Each structure stands twice: as C-alpha cells, then as structure tokens.
Amino acid sequence: MPGTSATRGELEQFLAVDVSPELLELALTHRSYAYEHGGVGHNERLEFLGDSILGQAVTVKLYRDNPDLDEGELAKRRASLVSSVALAEVARTIGLGKHIRLGRGEELTGGRDKSSILADTVEAVIGATYLDAGGEAATDLVLRLIEPLLTDPARFGASMDPKTSLQELAARLGRGLPHYAVTDSGPDHSKRFHAVVALAGSNIAEGDGTSKKQAEMAAALEAWTILSVRV
C-alpha cells in the first residue's frame, strides 16, 4: 500500500533526515498522479534541484577520493553514479517504489519499478532534503545512498561502454546477441527516446534518453546490472 503512515514512517526512518511530511509527500508525487487529481503539485521542480545537488556531491567525493584519476575518468565515474540505472538501484534497495504516488495509468504499467520514475524520485527526495534540512544534510544523504555503488568497481567498467559490456556478459551466459528496439515521442525540438533490449527473444530491460544512442546505452546498462547478479 503506497503512502500509508506506517510505511512512510519506515522510509523517513531510513532516510534519517528532517523533512516535513508535506514536502516529502510532494517529492514522492509523480506528475501522472497530479494530472489525475486536479493538478496537485508534483515532484519535477524538486527533481531539478536534487539533480544539481547530487551531481555536486558525487563530483566532490570522487575528486577527493581519487587524486590519481584524470578529468575524463572522473567524468565517466560520475556519469555512472548519477545515471538513472544507478539511482533506480538505490531506490529499489530502500523500497522507494511503494511510497510513490502514481496515476492509474502508470500504476497499471509497472510504474513503481520503472527506472526513470525511481531515479527521478530519488533526486526529488534529495531536493526536498536540501530545502528543509540544508546542504550538509542533503550531501550526507547523497553519500549514504551511493556508498554501496562506490565499492563496486565492475560498475564503472560497464558504465563506460554498456553495450559492449552487455554483449560480452550475454555471450558468457549463452544468451546470444542483444537486440534493441527504439521508439520516440514528443515534438521534433524536444524528442524523447525509449529503448528496449532483448536477449534470445525476451525483453530484459528498458532505458530512456534524449537520443537513440543515449536510450540504448541506458537500456544496456540496466540489462547488464540485472544479468550481472546472476553470474
């Protein structure tokens, strides 16, 4: 049951930050819920704020902890840690999906486990933390959330070339070559792309982006993440 006081309390206890119930609820409200409930507030502005805070916290952490890495390597590692795949993994670890307020359409199509929705909600929660608890608390939250990802060196290799990494992993597992199907939506000046990657005729993962290549890479990285736990 999403949004009950008991389960929301569990989330607040895990986050261990001082955020008002009203602002936390806003951070957990997807636009699909807002559109179906008379245009109530949704979390996209908080997501915008949280994205910036996340990027800064991760950048500073990587810079301080890796004095021997050059700019290019640092940038690749940052991209891995702030990707929708990584943030969705964080969200699943803390059970965030069950707390998100979704519209009926998203609910019926598995929105609670969509990487894009989960990742956006993580960023919104970070933004809410910044507003109510301040920058230090928000940075601390970011570092606590991504700490498990920092200790996984294989993640960095996969994120740099996810399509090749997926192809190599699929070959080791005897799953054949990955196949991608990409669709687009929106006006020409603001298109969004959605990719689905399949192995041996079965869809494995999905990804979104502002280009076909970006969407395919996001889908490949998510598929690699899913398959890597089976090795």
Side-chain angles (χ1 to χ4, degrees), residues 2-5 7-64 75 77-103 106 111-150 190 192 207-210 214 218 222:
T4 66
S5 58
T7 57
R8 186 67 55 80
E10 293 171 7
L11 177 63
E12 292 172 350
Q13 184 176 14
F14 183 89
L15 294 174
V17 292
D18 187 17
V19 179
S20 70
E22 295 78 14
L23 192 58
L24 181 58
E25 184 166 276
L26 180 62
L28 297 170
T29 302
H30 187 255
R31 64 176 179 270
S32 62
Y33 182 94
Y35 294 160
E36 291 182 15
H37 291 79
V40 301
H42 57 75
N43 64 9
E44 289 187 355
R45 281 173 52 84
L46 287 173
E47 172 200 335
F48 170 79
L49 177 61
D51 176 69
S52 178
I53 297 159
L54 170 72
Q56 182 184 44
V58 170
T59 299
V60 173
K61 174 69 172 175
L62 289 172
Y63 181 88
R64 288 177 172 169
R77 294 196 175 201
R78 178 179 60 192
S80 170
L81 292 168
V82 303
S83 70
S84 61
V85 173
L87 294 181
E89 184 176 337
V90 166
R92 293 183 182 108
T93 298
I94 65 175
L96 188 63
K98 65 184 178 183
H99 302 287
I100 301 173
R101 299 204 297 175
L102 292 173
E106 284 290 354
R112 292 194 184 282
D113 197 48
K114 285 185 180 177
S115 290
S116 57
I117 292 177
L118 290 171
D120 290 348
T121 306
V122 170
E123 291 178 338
V125 169
I126 293 168
T129 300
Y130 178 86
L131 290 179
D132 260 13
E136 185 175 343
T139 296
D140 179 66
L141 175 62
V142 169
L143 297 181
R144 283 192 284 114
L145 292 175
I146 69 165
E147 184 177 8
L149 308 181
L150 288 166
S190 183
R192 295 287 300 176
D208 298 290
T210 55
Q214 189 180 79
E222 176 146 343

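What's counted below: heavy atoms across the whole structure, side chains too, no hydrogens, waters or symmetry copies. Here the structure is a predicted model, which is why all the values come from computation and not from measurement.
- I53 approaches A138 most closely through the heavy-atom pair CG2-CB, 4.0 Å.
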Apply the test side chain to side chain contact (heavy atoms under 4.5 Å, CB included) to residues D18 and D132: give CA-CA distance (whole Å), side-chain angles for both, the deciding distance (0.1 Å), then the verdict. CA-CA 7 Å; D18 187 17; D132 260 13; over 6 Å; no
Using side chain to side chain contact (heavy atoms under 4.5 Å, CB included), reason through S115 and R92 one step at a time and then give a plain yes or no. CA-CA 9 Å; S115 290; R92 293 183 182 108; 3.2 Å; yes
Steps toward side chain to side chain contact (heavy atoms under 4.5 Å, CB included) verdict (L102, I117): CA-CA 10 Å; L102 292 173; I117 292 177; 4.2 Å; yes
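- Rounding to the nearest 0.5 angstrom, the gap separating the CG atom in L131 from the CG atom in L46 is 6.0 Å.
- The two residues L23 and V19 have their closest heavy-atom pair at CB-CG1, 4.1 Å.
- In this structure, the side chains of L141 and V125 come closer than 4.5 Å at one or more pairs of heavy atoms.
- When each of L81, L145, V122, V82 is paired with L54, the side chain to side chain contact (heavy atoms under 4.5 Å, CB included) condition holds for V82 and for no other.
- Here the side chains of L87 and L118 are not in contact, with every heavy-atom distance at 4.5 Å or above.
- Side chains of R101 and T121: a donor-acceptor N/O pair is absent below 3.5 angstrom, by distance only.
- Closest non-hydrogen pair, T29 versus A34, comes out as CG2-N, 4.5 Å.
- The neighbour count for E44 CD, taken as heavy atoms of other residues, nucleotides or ligands under 6.0 Å away, is above 12.
- Heavy atoms of other residues, nucleotides or ligands lying less than 6.0 angstrom from CZ of R31 number 12 at most.
- Contact between G207 and A218 at its shortest, heavy atoms only, is CA-CB, 3.9 Å.
- Rounding to the nearest 0.5 Å gives a distance of 9.5 Å between CG of D208 and CG of D120.
- R78 places no side-chain N or O within donor-acceptor distance of the main-chain N or O of G55, the cut-off being under 3.5 Å.
- Counting non-hydrogen atoms of other residues, nucleotides and ligands closer than 6.0 Å to NZ of K61 gives a total of 12 or fewer.
- Taking CD of E47 as the start and NE2 of H30 as the end, the distance is 8.5 Å to the nearest 0.5 Å.
- Between S32 and G103, the closest heavy-atom pair is OG-N, 2.8 Å.
- Taking all atoms of both residues into account, the shortest heavy-atom contact from A27 to A124 is O-CB, 3.5 Å.
- Under the 3.5 Å distance criterion, the side-chain polar atoms of R144 are matched with a main-chain donor or acceptor of L15.
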